[in-house]
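In what follows, every heavy atom counts, from backbone to side chain, and hydrogens, waters and symmetry copies are set aside.
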Amino acid sequence: MSCPGFGELNIPSSRAFWDDCEEDELENLKPVEKLQLKFDDESAAPGVPLESDLLLVIEGVHVTHFGTSVLGKDSNRVCGIPAKTSSLQWNPSSKQLLAVLEEDLTSSGEVTELLLPYAKLAKKVITLTLKPKVEFKSENIQFYRDHIAIVRGVGVNQKDVTELEAPNFIAGVAAGVASWRNQEELPVSSFVIYTDKLPLDSTAAQPVIKLLQSVGVSCSSGYIPPRKENSYLYM
């Protein structure tokens, strides 16, 4: 009989359960490694997080190139964030801090904890979640069939942005940071954009850029996606 694996809840009814566990399995169990921000230069790891005028958290699938090229053009990389190719970027001239997050819901809780010290010191926080348009739920879904993007806000008092309707919701680090700021009664604005193209191309990026500019985020006016390598089919 083997011990139950992680993710299972199995309460033994007697001590015999533990006696049946193979000793080598217990010895081979390793403690879960605690996630940490990955500073490129260990000596540069600050004891105190950066204070920013604006912290922008942008999260989604294949968002790294868009985030770093459009939003982090004049920024310096502060550190890597333990979620694939995620990173924290700092623009000293505008005092804008950018967290570019590749969606990874399995570690979102821990990553949120790592970013809370920065969220606490920011004067203003904006979160933006990018999702595929097919995930958007609506009774009038046919109305949005030809839309490049569907823009929604969460607790945002902005005339041109509609409040996100149930059963739609946001999750991940963006939701975690926004929820924490809201509980602490600190200013936060949360948006979600459902787009028909991920990774973003130059056309699909325009509604995203337009929204960011409308809320005062410093960013480029256009986006050029990375060139894809030519593929060939041999028969």
**OP:** May I have the step-by-step check of side chain to side chain donor-acceptor pair (under 3.5 Å) for Asn91 and Ser93, ending in yes or no?
**Re:** CA-CA 6 Å; Asn91 187 324; Ser93 60; 2.6 Å; yes
Original post:
Yes or no on side-chain contact (heavy atoms from CB on, under 4.5 Å) for Tyr144 and Ser138, after CA distance, side-chain angles and deciding distance?
Top reply: CA-CA 9 Å; Tyr144 303 99; Ser138 173; 3.8 Å; yes
**OP:** Let me see the working for Glu102 and Thr64 under side chain to side chain donor-acceptor pair (under 3.5 Å), right down to the final yes or no.
**Re:** CA-CA 7 Å; Glu102 288 291 334; Thr64 298; 2.7 Å; yes
Original post:
Can you check side-chain contact (heavy atoms from CB on, under 4.5 Å) on Ser214 and Gln158, steps first, answer last?
Top reply: CA-CA 10 Å; Ser214 72; Gln158 194 164 324; 3.7 Å; yes
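Between Val63 and Leu101 the shortest side-chain heavy-atom distance does not fall below 4.5 Å. Looking at heavy atoms from C-beta onward, Ile81 lies in side-chain contact with Leu115 at the 4.5 angstrom threshold. Considering only heavy atoms from C-beta on, Val57 stays 4.5 Å or farther from Ile126 through its side chain. Considering only heavy atoms from C-beta on, Val217 comes within 4.5 Å of Gln96 through its side chain. For the pair Thr195/Val208, no side-chain contact is recorded, criterion being any heavy-atom separation below 4.5 Å from C-beta on. Residues Trp180 and Leu186 form a side-chain contact, since some pair of their non-hydrogen atoms from C-beta on lies under 4.5 Å apart. Put simply, the side chain of Leu35 reaches to within 4.5 Å of the side chain of Ser107, judged on heavy atoms. Looking at Pro187 and Arg181, their side chains come closer than 4.5 Å, going by heavy atoms from C-beta outward.
In plain terms, the two heavy atoms of Val151 and Leu211 that are nearest each other are CG1-CD2, 4.1 Å. Between Leu164 and Val192 the shortest heavy-atom distance is CD1-CG1, 3.8 Å. Across all their heavy atoms, Cys219 and Leu212 have their closest contact at SG-CB, 4.2 Å. Minimum heavy-atom separation, Leu55 to Ala122: CB-CB, 3.8 Å. Closest approach of Ala204 and Asp201 over heavy atoms only: N-OD1, 2.7 Å. Across all non-hydrogen atoms, the minimal contact from Lys73 to Ser69 is CB-O, 3.6 Å.
A donor-acceptor pair under 3.5 Å is absent between the side-chain atoms of Ser86 and the main chain of Pro82, judged by distance alone. Checking side-chain atoms of Gln213 against main-chain N and O of Ser218 turns up no donor-acceptor pair under 3.5 Å. No donor-acceptor pair under 3.5 Å is formed between the side chain of Asp196 and the backbone N or O of Lys133. With hydrogens and angles disregarded, a donor-acceptor distance shorter than 3.5 Å links the side chain of Glu59 to the backbone of Ala174.
Centroid-to-centroid, the aromatic rings of Phe66 and His62 stay 6.0 Å apart or farther.
Between Glu165 and Lys137 there is no salt bridge, since no side-chain N of the basic residue sits under 4.0 Å from a carboxylate O of the acidic one.
Defined by atom type and a distance below 3.5 Å, a donor-acceptor pair is present between the side-chain atoms of Thr106 and Asp104.
No single ILVMFWY cluster, assembled from side-chain heavy atoms under 4.5 Å apart, contains both Leu116 and Trp90. Tracing side-chain contacts under 4.5 Å through hydrophobic residues (I, L, V, M, F, W, Y), one reaches Leu71 starting from Leu128; they form part of the same cluster. Under a hydrophobic-cluster definition in which Ile, Leu, Val, Met, Phe, Trp and Tyr are linked whenever side-chain heavy atoms come within less than 4.5 Å, directly or via other members, Val125 and Tyr118 are assigned to the same cluster. Follow the hydrophobic side-chain contacts under 4.5 Å out from Phe136 and you never reach Ile193; the two are in separate clusters.
Within a 6.0 Å sphere centred on CG of Leu121, heavy atoms belonging to other residues, nucleotides or ligands number more than 12.
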